[in-house]
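A, B, ... follow the sequence lines: proteins, then strands. Residue 1 opens every chain.
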Protein chains: 2
Amino acid sequence: MTEQPIRREAVSDQLFTLLRDRILTGTLAAGAPMTAERELAAEFGVNRHAVREAVKRLQQARLVEVSHGGRTRVLDWRRTAGLDLAVQLARATGSPTHDLRRDVLEMRASIGADAARLCAARCSRETASEIVGAAAGYVGCGPDLAELAAADVAWWRLVVEGSGNLAYLLAFNTLVDGSLTAGEVPTDLRAAELLDIEGHVRLAALIATHDEDGAEAAARALLARSVPTAPIAPEHEGGQA
Amino acid sequence: MTEQPIRREAVSDQLFTLLRDRILTGTLAAGAPMTAERELAAEFGVNRHAVREAVKRLQQARLVEVSHGGRTRVLDWRRTAGLDLAVQLARATGSPTHDLRRDVLEMRASIGADAARLCAARCSRETASEIVGAAAGYVGCGPDLAELAAADVAWWRLVVEGSGNLAYLLAFNTLVDGSLTAGEVPTDLRAAELLDIEGHVRLAALIATHDEDGAEAAARALLARSVPTAPIAPEHEGGQA
DNA sequence: CGCCCAATCTGGTCCAACCAGTTGACCAGA
DNA sequence: TCTGGTCAACTGGTTGGACCAGATTGGGCG
């Protein structure tokens with residue numbers, strides 16, 4: 001029963017999405033034992049291996065804890081899940097919508113500013129000139145926001161790589177692939193930042209001159225243009241409790 | 001007798017680790033097609049299902065790209081992998097040597113400072129008092145660094161949660177579970193920070209009084225104590241000044 | 001030469017069985 | 001009564017083989 005419309009998406013992927021959403025929405029409460037693999041297979045009319053592949057992914061995402069012989073338990077994803085889950089949160093069916101978009105942009109601003117500072121401090125001369133060159137090329141990008149967004153991402157990648165910080169680079173991948181290019185953040189909301197060609201060029205110059213403080217400040221100013229300026233509404237009791 | 005470590009790691013997990021390391025070390029070059037599932041199964045003398053579970057995890061980690069009918073391709077993890085991979089990088093057999101430890105601490109400092117600022121700006125009165133209380137309890141922690149480290153993590157979790165930024169919270173999980181508590185960063189290297197009880201208390205007070213700038217500065221100062229101050233010279237490629 | 005199709009690669013799914021830990025009910029003995 | 005051990009019934013882990021489905025390739029035919 002409960003035969004859903006079978007899309008052309010892999011069965012195990014559909015299962016993963018379904019189970020993930022059940023966990024994220026609390027349908028499967030944290031700490032509770034998860035439905036047994038055989039039972040899930042029967043419930044959805046699929047093979048147990050498909051279930052296992054889905055569960056394996058849940059395990060890797062640290063949404064569940066599997067133990068041989070014992071039952072698979074649901075974990076508290078807010079305590080265990082990693083940044084990569086943010087992407088999935090954005091795409092989850094019961095879209096949290098919430099401030100995840102703002103959160104991602106805030107994190108991007110924080111990481112980007114520090115990456116710019118580190119890049120100014122540590123990047124090689126070749127990298128610096130490459131960044132300056134890319135910024136110059138950024139000027140030539142058409143008024144198309146999508147095109148600008150792509151160039152912006154490519155340019156920032158150079159900066160983050162130049163920072164020499166691998167953690168920043170990996171986090172950058174997560175944020176970009178997950179929430180920026182994936183259309184989670186509409187480009188028109190970032191128009192102010194993307195159209196600030198001069199800001200890009202100036203930042204590139206500051207990096208090239210190894211002006212750490214200047215680069216950080218410029219990056220922060222540039223990136224802040226896309227961060228929703230919290231139209232107040234400071235949730236007194238709303239947020240977390 | 002003396003079969004001390006009854007290491008019974010699942011076959012698929014061993015396979016995942018092995019293939020992951022092959023990719024991270026470049027043995028399996030980016031862009032190259034990966035060995036076929038049937039071939040891998042034969043090579044390691046395991047069932048194909050086990051191979052599939054391992055590949056499924058590689059796919060989720062964005063280390064490979066799987067296409068039905070076509071060959072599974074190895075991706076350039078530096079461009080596609082997410083922050084969660086940082087953990088795995090640290091544990092990877094052929095440890096990339098790279099100062100991943102420094103990178104993680106830098107990122108922690110950046111995220112932590114901004115989280116403190118946001119927490120001061122947005123956290124509820126209840127959360128603020130909870131943070132102050134936890135800081136007061138931090139004072140009572142014994143001189144044991146491990147105990148201090150645990151309390152430190154728990155305290156910072158409150159701050160990050162109070163910031164209301166889900167991306168920060170998830171990144172915090174990744175950094176903590178992956179590189180801090182996992183022993184990747186020896187606690188003695190963080191002694192200066194962990195023993196700065198006063199710094200914790202002061203930061204808590206600043207958050208409670210909604211002093212954004214003060215909280216950010218205090219957090220940055222506190223966290224900076226654990227960041228290696230770049231003993232390595234910036235790798236300039238020589239040449240002109 | 002260029003198109004089309006079929007053999008044959010690849011991954012995706014299924015069935016059925018068995019291995020290996022965990023749990024808890026149950027019963028014999030101290 | 002309490003302790004200890006056995007055993008059945010779960011749970012996840014692994015195996016084998018078969019088949020479905022999409023992609024690739026190369027040869028044959030127009």
- line: salt bridge (charged side-chain N to carboxylate O under 4.0 Å, His left out) filter on B:Arg157, not counting sequence neighbours, yields none
query: Which parts of nucleotides 5-10 of chain D does protein reach within less than 4.0 Å, heavy atoms only, written one letter per nucleotide 5' to 3' as B for base, S for sugar-phosphate only and - for none?
result: ------
field: Leading and trailing nucleotides of DNA chain C with any atom under 4.0 Å from heavy atoms of chain A
entry: C:dT13 to C:dT22
- request: For A:Met34 and D:dG12, give me the distance from atom CE to atom P, rounded to whole Å.
  value: 9 Å
message: Applying side-chain hydrogen bond (donor to acceptor under 3.5 Å, both in side chains), can you list everything that pairs with A:Thr27, at least two apart in sequence or on another chain?
response: A:Thr25
field: Gap between atoms CZ and C1', on B:Arg73 and D:dA23 respectively (whole Å)
entry: 14 Å
field: Non-neighbouring partners of A:Ala36 that pass side chain to side chain contact (heavy atoms under 4.5 Å, CB included), sequence neighbours left out
entry: A:Glu39
Set of salt bridge (charged side-chain N to carboxylate O under 4.0 Å, His left out) partners for A:Glu53, sequence neighbours left out: B:Arg52
- request: Compare every heavy atom of A:Ser163 with every heavy atom of A:Ala115, then report the nearest pair and how far apart it is.
  value: O-CB, 3.5 Å
What side-chain donor-acceptor pairs closer than 3.5 Å can you find for residues 79-87 of chain B, not counting sequence neighbours?
unit_1	atom_1	unit_2	atom_2	d
B:Thr80	OG1	B:Arg62	O	2.8
B:Thr80	OG1	B:Asp76	O	3.2
B:Asp84	OD1	B:Thr174	OG1	2.9
B:Asp84	OD2	A:Arg62	NH2	3.4

statement: For C:dA30, the nucleotide meeting Watson-Crick or G-U wobble distances (both under 3.5 Å) is D:dT1
Nucleotide N/O of nucleotides 15-18 of chain D paired with protein N/O under 3.5 Å:
unit_1	atom_1	unit_2	atom_2	d
D:dT15	OP2	B:Asn47	N	3.1
D:dT15	O4	A:His49	NE2	2.7
D:dG16	N7	B:Asn47	ND2	2.8
D:dG16	O6	B:His49	NE2	2.8
D:dG17	O6	B:His49	NE2	3.1

- request: Please list all pairs passing the ring pair (Phe, Tyr, Trp, His ring centres under 6.0 Å) test where one or both residues lie in residues 49-76 of chain B, with sequence neighbours left out.
  value: A:His49-B:His49
- request: Sequence neighbours left out, what passes salt bridge (charged side-chain N to carboxylate O under 4.0 Å, His left out) with A:Glu193? Give chain and number order.
  value: A:Arg108, A:Arg190
Any pair counted as salt bridge (Lys or Arg N to Asp or Glu O under 4.0 Å), so long as it reaches residues 63-72 of chain A, sequence neighbours left out: A:Glu65-A:Arg73
task: Under the side chain to side chain contact (heavy atoms under 4.5 Å, CB included) rule, collect the residues that match up with B:Val51, sequence neighbours excluded.
output: B:Leu15, B:Glu37, B:Leu40, B:Ala41, B:Val46, B:Val55
